[in-house]
Amino acid sequence: MSPADSPRNAEVGRDGPGAAAATAVWDLLVVGAGPAGLAATIYAARAGLRTSVLERGVPGGQMATADWVENYPGFPEGVAGVELGLKMEEQARRFGVTFLTADAGATGLQLAGSDKTVAGQRARAVVVATGSRPRRLGLPGEDRLAGRGVSYCATCDGAFFRGKRVAVIGGGDSAVTEAAFLAKLAAKVFVVHRRDGFRAAPTLVERVRALGNVELRLGRVPVSIEGSGGVEALVLREAAGGEAGAREERLELDGVFIYVGTDPETGFLKGKVDLDRAGYVITDEEMRTSVPRVYAAGDVRVKGLRQVVTAVADGAVAAMTAEKDLAALAQG
Ligand code: NAP
């Protein structure tokens, strides 16, 4: 069945087990409903491909955990990450994309060969858009106090720290953006970064430096998080001078927000498609992976700039490449 004569999305029906059971083979199955995945579904469905998207949680991906997205074109005042996610989902649904809930890594994954199988769904082409997850620091106390004062999402948990003292660890765009968000709620925000210079955009850094209730702790590495029932303190050490002899500081706090980068969600792809040493999917410019008709888009792939706008662009390219490859396949 070529893309041209496959059922149109109007016929796919509603989400849920009924729709999934009625499916023979999707033209395109997108794994992950963040900005890359949702853009891929919008482009694929508009191109007439019978398209579904598999998500284990709620649509929006990492973007939905961003308090405010300031640099996505078309929103001059900025937009809440969660709202942007909902709008993208609404747009995909309008084009008839079917949303399925499942974990791509949970059951047999078959990407080689003509028919692909992901979580029991069969498809002729697959776009992997599983993004990345917050990196753990591995500090003593971090796992034990996760959810009890240690958080990786200020948008989700910030409201619990109204009028309290918190620290944000990290020096990238996420740490600085979320520190500015937390400063609107918390009485005091410490930004702890291991170097004297930030990786984050200078405009973001200047804005945070100007806030009256933000204090920077630069050149400091976190050593441990203390507390019994909840977070009570964060212990820091001067980065310069090595472990022996470096001065330590104990910040008394109610919460610690960790923003030290992300790791790709590709554990389920090991041995199935080529990954780089850090676990990101290797693609060409058209989002093709090492396996025919398996594409990758967004933060999950090897790339230079990980932003909502580049994720969306990857998704569009992946969908159009899939459409082209499926048409070529149909012509023999
Ligand atoms: P990131 O840019 O990789 O920054 C991670 C930060 O954590 C760095 O400052 C790094 O320090 C620090 N770090 C890493 N490991 C550490 C450790 N073991 N101990 C202490 N500190 C450690 O990650 P991100 O901020 O999550 O951003 C990810 C991507 O999303 C980036 O491309 C970013 O531009 C993008 N993003 C964009 C926006 C926006 O444009 N508004 C908002 C959020 C995220 P060093 O600097 O010393 O390496």
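When a ligand or atom number is given, it counts from 1 through the structure's own listing order.
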Taking atom 25 (O) of ligand 1 as the reference point, the nearest protein heavy atom with its distance: Ser174 N, 3.0 Å
Proximal atoms of ligand 1 relative to His193 (non-hydrogen, under 4.0 Å): 9 (O), 11 (O), 45 (P), 46 (O), 47 (O)
Part of Tyr259 within contact of ligand 1 (heavy atoms, under 4.0 Å): backbone
Enclosure of Lys164 NZ (heavy-atom neighbours >12, cutoff 6.0 Å): no
Atom CZ of Arg56: over 12 foreign heavy atoms under 6.0 Å: no
Sidechain N-carboxylate O distance under 4.0 Å for Asp263, Arg136: no
Backbone of Leu29 reached by a side-chain donor or acceptor of Ser52 within 3.5 Å: no
Closest protein heavy atom to atom 10 (C) of ligand 1, given as residue, atom name and distance to 0.1 Å: Arg194 NH2, 3.9 Å
Residue, atom name and distance, where the atom is the protein heavy atom closest to atom 40 (O) of ligand 1: Asn71 ND2, 2.9 Å
Heavy-atom nearest neighbour in the protein, as seen from atom 18 (N) of ligand 1, with distance rounded to 0.1 Å: Leu137 CD2, 3.3 Å
Selection from Gly261, Gly172, Gly304 by shortest heavy-atom distance to atom 23 (O) of ligand 1: Gly261
Distance from atom 32 (O) of ligand 1 to nearest protein heavy atom, with residue and atom: Arg306 O, 3.4 Å
Candidate list Leu182, Val191, Val189, test side chain to side chain contact (heavy atoms under 4.5 Å, CB included), partner Phe257, passing option: Leu182
Option nearest atom 47 (O) of ligand 1 (shortest heavy-atom distance, choices Arg195, Glu70, Gln307): Arg195
Protein contact to atom 34 (O) of ligand 1 [nearest heavy atom, distance to 0.1 Å]: Asp173 OD2, 2.6 Å
Protein residue, atom and distance nearest to atom 9 (O) of ligand 1, heavy-atom basis: Gly171 N, 3.0 Å
Closest candidate by heavy atom, reference atom 14 (C) of ligand 1, pool Val69, Ile169, Val260: Val260
Protein heavy-atom partner closest to atom 8 (C) of ligand 1 - residue, atom, separation in Å: Arg199 NE, 3.6 Å
Hphob cluster co-occupancy, Leu137 + Ile225, side-chain heavy atoms under 4.5 angstrom: yes
Exam field: side chain Lys116 to backbone Arg122, donor-acceptor pair closer than 3.5 Å: no
Cluster check Leu139, Val168: I/L/V/M/F/W/Y, side chain < 4.5 angstrom: no
Tyr259 and Asp173 side chains, donor-acceptor separation under 3.5 Å: no
